[in-house]
Amino acid sequence: MSSQGKRKIITAAPSESDGGPPPPTTGVSKQLKPPPKTKGRLCSAPGCTKQVQQGGVCCKHGAKTTRASCRHPGGCTNVAKRGGLCRRHGAFDLETCLREGCKRVAK
């Protein structure tokens, strides 16, 4: 015999839009979820739930955030990743190219 048999048809209970009775009410309103837990102070702007970045406000409400630039003496403008240097100037211990005189990072 094949595994194809008769399928059961499941119907939903009649709703108010189908002409059926309205769903029972318990008289209890839906409870709102509590605000998400944060590890720091909240922004002082009314209704904002973001964390403070600078001066009591979040980035959306005026906090200015900056990224450290590379401190290589050649005047590099890349963002520093570790130890005040960008990847190109030695933030990570990576292998250098094997060609003589080349100081680039090997791929």
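A search for side chain to side chain contact (heavy atoms under 4.5 Å, CB included) contacts involving Arg99 returns Cys97, Cys102, not counting sequence neighbours. Remark: Val57 engages Cys43, Ser44, His61, Ala63 in a side chain to side chain contact (heavy atoms under 4.5 Å, CB included) (not counting sequence neighbours).
Closest approach of Leu42 to Val52, counting heavy atoms only: O-CG2, 3.2 Å. Scanning both residues, Cys86 and Cys76, for their nearest heavy atoms gives SG-SG, 3.8 Å. Closest heavy-atom contact between Lys64 and Gln54: O-OE1, 2.6 Å.
Among residue pairs with one or both ends in residues 66-89, those qualifying as ring-ring contact (aromatic ring centres under 6.0 Å, His included) are His72-His89; sequence neighbours excluded.
If you take CZ on Arg41 and SG on Cys58, they are separated by 12.5 Å, rounding to the nearest 0.5 Å.
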